[in-house]
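Residue indices begin at 1 and follow the sequence shown. Computed from a predicted model, the values in this text were never measured in an experiment.
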Amino acid sequence: MAEIVLGLGSSHSPQLSTPPEMWLTYGAGDKNHTELWAADGRPYSFDQLMDTVDHVAIEKELTDAKFETRYNACQKGIATLGETLETAAPDILLILGDDQLEVFSDQNMPAILVYWGQTLKNMPPEIPDSAPAHRKANAWGWFAPEEIDYPIASGLGLHIIESLIDQDFDVSHSKVLRPDQGMGHAFGYVYQRILQRKPIPTVPIMVNTYYPPNQVTPKRCYQLGQAIRAAVESWEDDARVGVVASGGLSHFVIDEDLDHNVIKAMKNRDVEALTGIPREKLNSGNSEIRNWIAAAGATEHLDMKMIDYVPCYRSPAGTGCAMGFAQWT
């Protein structure tokens, strides 16, 4: 019988691969956003958001020293996840991540999809010489600079699909991507930054967190995690399996209260709190918290430890990315 022996949770923001002296460039770009979802669950323009926050206090978070400290803390968090994974040495890794119009589009946007092809391709991005420096800096945090076919545990992938169907999940599946298409950012980040390109067989599980009208509810995400664990434990192969949640926590407006409530609920196995998060709180980047909720459901038999929580502000309006790094063992 297979078993889930490890869980990991990690943010996957471009800021993680961008030198801290460039973070304000992202903050300047936030001024062009027309829908920055705030802690009240409503979208604002940058200027509107400035009217709702204590931007004088937030300005104190925007120093070079704090940027450097938080960048270093994030690198340590990622390294710790990699070390934890190497020590646990699972045979297979399940990756829970979202797609942001990379593989899917409005032509076809499944709520939940399991990929079970033989391999998943890394496609290096085309970065023109004229691209901004911060874009060049972060690109290789998502993808390798050459094409790589990463192995997929297709047997377990098929079994998870069949088991989810038996557990009343109407799950989508895929065995192949278009010839010019590679993996999405949520999966590329795990391969590049946590796996360090090690060819551990994976099963990518794509959860629609971002795009209405079929975003998966928090309750269904937790149930999905539980169903994934049941699927793994019913697989006949004797395999040790890890689970990774890729994405989150709150962004592009940092909501520390939301993040701490989610972290507390995961630590305490407070299913009611996790599944009761108001859905208006889970839009835009915040929506990726759904991947963590699913991972918590899959690892509810393990103990959760928060490695670090690093709120990386980048503008006086409170925009930025709250970085989280966690493990279940």
Side-chain angles (χ1 to χ4, degrees), residues 4 7-12 35 37 41 43 94-116 157 160-174 183-187 189-190 202-232 243-251 255 258-259 261-263 265-266 269-300 324 326 328:
I4 292 177
L8 301 175
S10 179
S11 302
H12 63 211
E35 287 195 352
W37 290 81
L94 311 182
I95 306 176
L96 291 156
D98 57 300
D99 185 86
Q100 295 178 27
L101 301 180
E102 297 154 302
V103 174
F104 303 120
S105 69
D106 286 337
Q107 290 179 318
N108 182 19
M109 184 68 68
I112 302 167
L113 180 141
V114 178
Y115 181 84
W116 63 294
I160 288 174
I161 293 165
E162 294 174 337
S163 178
L164 290 178
I165 292 294
D166 287 342
Q167 295 179 75
D168 297 324
F169 278 83
D170 297 323
V171 62
S172 299
H173 80 95
S174 175
M183 68 182 72
H185 73 292
F187 306 92
Y189 165 80
V190 174
T202 66
V203 178
I205 302 174
M206 303 178 190
V207 181
N208 178 30
T209 75
Y210 254 81
Y211 301 105
N214 66 333
Q215 292 162 292
V216 187
T217 67
K219 180 178 180 180
R220 196 59 168 162
C221 285
Y222 196 86
Q223 292 171 339
L224 173 63
Q226 291 176 311
I228 288 171
R229 179 186 171 196
V232 169
V243 178
V244 180
S246 177
L249 296 168
S250 66
H251 63 292
D255 185 347
L258 172 63
D259 294 331
N261 288 337
V262 169
I263 292 168
M266 289 189 293
R269 298 185 179 88
D270 189 340
V271 179
E272 183 176 354
L274 277 178
T275 59
I277 299 172
R279 291 166 67 182
E280 63 268 19
K281 288 272 195 177
L282 298 178
N283 285 300
S284 190
N286 291 17
S287 73
E288 293 174 344
I289 290 172
R290 288 175 166 90
N291 296 323
W292 287 63
I293 296 172
T299 58
E300 61 184 358
W328 287 263

With rounding to the nearest 0.5 angstrom, report the [atom1] to [atom2] distance, [X] to [Y].
X	Y	atom1	atom2	result
D166	I161	CG	CD1	12.0 Å
C221	L96	SG	CG	9.0 Å
N108	L113	CG	CG	8.5 Å
I4	T299	CD1	OG1	7.5 Å
L164	D170	CG	CG	10.5 Å
M183	Y115	CE	OH	9.0 Å

Where is the tightest heavy-atom contact between [X] and [Y], given as atom of each residue plus distance?
X	Y	value
E288	G247	OE1-CA, 3.3 Å
M266	A296	CG-CB, 4.2 Å
Y189	S246	CD2-OG, 4.1 Å
S250	D255	OG-N, 2.9 Å
T275	P218	O-CB, 3.8 Å
R229	E300	NH1-CG, 3.9 Å

Are any non-hydrogen side-chain atoms of [X] and [Y] less than 4.5 angstrom apart?
X	Y	result
N261	I277	no
Q167	Q226	no
M206	N208	no
L224	V216	no
L94	I160	yes
Q215	R279	no

Hey, does the side chain of [X] reach the backbone of [Y] with a donor-acceptor pair shorter than 3.5 angstrom?
X	Y	value
R290	D98	no
S11	G324	yes
E102	Q100	yes
N286	I289	no
T202	P204	no

Heavy-atom neighbours of N214 CG exceed 12 at 6.0 Å: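 More than 12 within 6.0 Å, yes.
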
Cation over ring face, R220 and F169, 6.0 Å, 45°: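 Ring-cation test returns yes.
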
Mutual orientation of the aromatic rings belonging to W116 and H173 [parallel < 30°, tilted 30-60°, perpendicular > 60°]: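 Plane angle between 30° and 60°, so tilted.
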
Worked check of side-chain contact (heavy atoms from CB on, under 4.5 Å) between Y210 and L101: CA-CA 10 Å; Y210 254 81; L101 301 180; over 6 Å; no

From CA spacing to verdict: side-chain contact (heavy atoms from CB on, under 4.5 Å), L249, W292: CA-CA 9 Å; L249 296 168; W292 287 63; 3.9 Å; yes

